[in-house]
Protein chains: 2
Amino acid sequence: MATIKDVAKHANVSVATVSRYLNKKGYLSKEAEQKVKEAIGALNYKPNSVARSLYHKTSKMLGLVIPDITNPFFPELARAVEDVALTYGYTVVICNTDEDIDKEKHYIEALKSKYVDGLIIATHELSEKDYLDLGIPLVMLDRTIGEAIPSVRSNNREGAKLGTKYLIEQGCQFIAHVRGPLTIKTAYDRYLGFKDVVDQHQTRHEIVESAFDIDESKQKILKILNEYPEIDGIFTSSDVMAVGALKATQSLGLHVPEDIQIIGFDGIPLGEMLIPSLTTISQSIYKMGTLACRLLIKQIEKKPLEELHFVLETELKIRETTRGE
Amino acid sequence: MATIKDVAKHANVSVATVSRYLNKKGYLSKEAEQKVKEAIGALNYKPNSVARSLYHKTSKMLGLVIPDITNPFFPELARAVEDVALTYGYTVVICNTDEDIDKEKHYIEALKSKYVDGLIIATHELSEKDYLDLGIPLVMLDRTIGEAIPSVRSNNREGAKLGTKYLIEQGCQFIAHVRGPLTIKTAYDRYLGFKDVVDQHQTRHEIVESAFDIDESKQKILKILNEYPEIDGIFTSSDVMAVGALKATQSLGLHVPEDIQIIGFDGIPLGEMLIPSLTTISQSIYKMGTLACRLLIKQIEKKPLEELHFVLETELKIRETTRGE
DNA sequence: ATATTGTATGTAACCGGTTACATGAAGTGA
DNA sequence: TCACTTCATGTAACCGGTTACATACAATAT
């Protein structure tokens, strides 16, 4: 690989001149410009970003910290983040934490020592202080943590209200809610929304807790359906859980939506692929990703943020696991 | 951030001594070791990997080049690659090319100038020569390209034979095959396997081509089912396409597997989530990923490879879109 | 004529590590 | 005692860029 010195020698100028040409900074004569341009072409010179990073203490890399890349919600998000990052010349490094605090720390440490320019965090392993102490631009995505770190998330409570209300409108008399782990704010808000509506309507309901995992969700639902066969509606905290619900009802020989109606949350493409396709509270996943990435880049480029916290509205996507209009 | 100089000053030794401590290389007295250890603790010093990279021309980063992260096959693969990479201390950078040659070139260029240690390529945008000219360790994953670059893939032809044979065994008389783009070797091999069996059994068949995309696959299948309503079996080149097939048959009011049987290819988790769950030719996706990553790291560490090309066997996973035993 | 300003370029220090080499002390054998 | 090895440590060059600063010349102002 050719270095800037090789180019300088080939063009008969100093490295400073070549650098000025590369960065279009400072004075540069037409002749020098021409000579350098030629030399670069002749040697197929590409500037070395590591050397550049060392001096500038930046890397044009963004970290995206997610709990599980095999959960389809996250690749969707990653895709959005990447699309924006690319247009601004950044490379995205995706980090799977598996909700493992050590793995998360390890990754963040590794990225920091590579001068990562900023992080988008879609996990909740560390405390607000831990994140702030990193001293690099941050955005919380999907999950929030305190006021100081800019965030992008859906209006989870309203979304959950939307879904629960719809189940009641469609005639559900006894609704089960599969909520996510209590430690996850997102899941908690959805639970609150559910609670708002069933309380208001005095609808009979049961709540079970499960990880965002098909099998666990299926087992929990089997158990509760066994206990309360009268349940005629299920509202889950995520689409992946709704798949578990679908599996459970199917294995019990129940018909969806005739015997029991199901609504998920997220709006991942998977929902449409299911048969019956999944009625869900759809988040603007792609928009969340792009917004988060833009917010991060704004911080990196030290532009002022007019707003720190963004809450996106959700939308009820009526498909086949509810009785429809 | 503390630097090695700060540590040296704090410990009253030279930077060389600190470096020797960090790398456990060269002679080091017990006292010096103790002093350095203390200084590192006191300053919370973390070595800077950029500086290290600049000298060593390595980065402990691996690139994983994939066409589309929202296709669930790839996150699964990424997960496997990452798991292995992590145990060897490497960070994985995932690059989505969108099958866009410029995007792929741009990414690879960016990674190279960051001293990426090696690449796992699961696309087919560039030529063998282009890849080899990069002068860094490579592994082709899922797709192969010439003999010189080590590769890991499934026995696609045998897999396709397995699936096609099973459809015939289950009574299919007229099978449609949705094949992937001709330019993709993987898809071509599956097509060949299909052809082998239908020719041998003199089974009536039709072939359509589609991208690895649900909607396109659905449209193509609707069209061919319209033309040949007698079709009673569909073998698709991927699970994602099989979802399209399922959607198509459903929209025509056909019952699966009673009226028409469907077999996919890949074995992504999605298949199990579908209702009916998808019979498929399952690849050992996780194994492919780990194997590819190990192969790459072996090259990076300049260990000899006993074997260059790995072909993994596939497995027929009988689920609900075929009539079963 | 001299001072001032704008243009153009080169030298060398710096970013934060690694390591070749020099130096010196302590221990061993002849 | 001297030569030689082993151990311990420091100095400085190097990786490949960037940029502060010095220098030099031409054009303009005074």
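Reminder, nothing fancy here: chain letters follow the sequence lines and each chain counts from 1.
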- Residue set satisfying salt bridge (charged side-chain N to carboxylate O under 4.0 Å, His left out) with B:Lys24, at least two apart, ordered chain then number -> none
If you look only at distance, which donor and acceptor atoms sit under 3.5 Å apart when one is on a side chain in residues 69-77 of chain B and the other is two or more places apart or in another chain?
unit_1  : atom_1 : unit_2  : atom_2 : d
B:Thr70 : OG1    : B:Asp68 : OD1    : 2.7
B:Thr70 : OG1    : B:Asp68 : OD2    : 3.2
B:Asn71 : OD1    : B:Phe73 : N      : 3.1

- Note on the structure: Between A:Val50 and B:Ala16, whichever has its closest DNA chain D nucleotide further toward 5' is B:Ala16
- Query: Earliest and latest nucleotide of DNA chain D, 5' to 3', sitting under 4.0 Å from a non-hydrogen atom of chain A?
  - Reply: D:dG16 to D:dT19
- Report the residues that fulfil side chain to side chain donor-acceptor pair (under 3.5 Å) with A:Ser59, sequence neighbours left out, ordered by chain and then residue number. none
- Item | Bending between helix ends of the helix from C:dA1-D:dT30 to C:dA30-D:dT1 [5 pairs per end, 10° resolution] | 60°
- Message: Filter on salt bridge (charged side-chain N to carboxylate O under 4.0 Å, His left out), then keep only pairs touching residues 119-138 of chain A, sequence neighbours left out; what's left?
- Response: A:Lys129-A:Asp133
- Task: Using a strict cut-off of less than 4.0 Å between a Lys/Arg side-chain nitrogen and an Asp/Glu carboxylate oxygen, indicate whether B:Lys105 and B:Asp100 qualify as a salt bridge.
- Result: no
- Check salt bridge (charged side-chain N to carboxylate O under 4.0 Å, His left out) between A:Arg143 and all other residues, then give those that pass, not counting sequence neighbours. none
- Message: Within residues 17-34 of chain B, which residues have any heavy atom lying less than 4.0 Å from an atom of DNA chain D?
- Response: B:Thr17, B:Arg20, B:Tyr27, B:Leu28, B:Ser29, B:Ala32
- Task: Only counting residues at least two apart or in another chain, list the ones meeting salt bridge (charged side-chain N to carboxylate O under 4.0 Å, His left out) with A:Lys60.
- Result: none
N/O donor-acceptor pairs under 3.5 Å from side chains in residues 27-47 of chain B, not counting sequence neighbours:
unit_1  : atom_1 : unit_2  : atom_2 : d
B:Ser29 : OG     : B:Ala32 : N      : 3.1
B:Asn44 : OD1    : B:Lys46 : NZ     : 3.3

- Restricting to pairs with a member in residues 291-307 of chain A, which pass salt bridge (charged side-chain N to carboxylate O under 4.0 Å, His left out), not counting sequence neighbours? A:Lys298-A:Glu306, A:Glu301-A:Lys303
- Query: Can you name the salt bridge (charged side-chain N to carboxylate O under 4.0 Å, His left out) partners of A:Asp102, sequence neighbours left out?
  - Reply: none
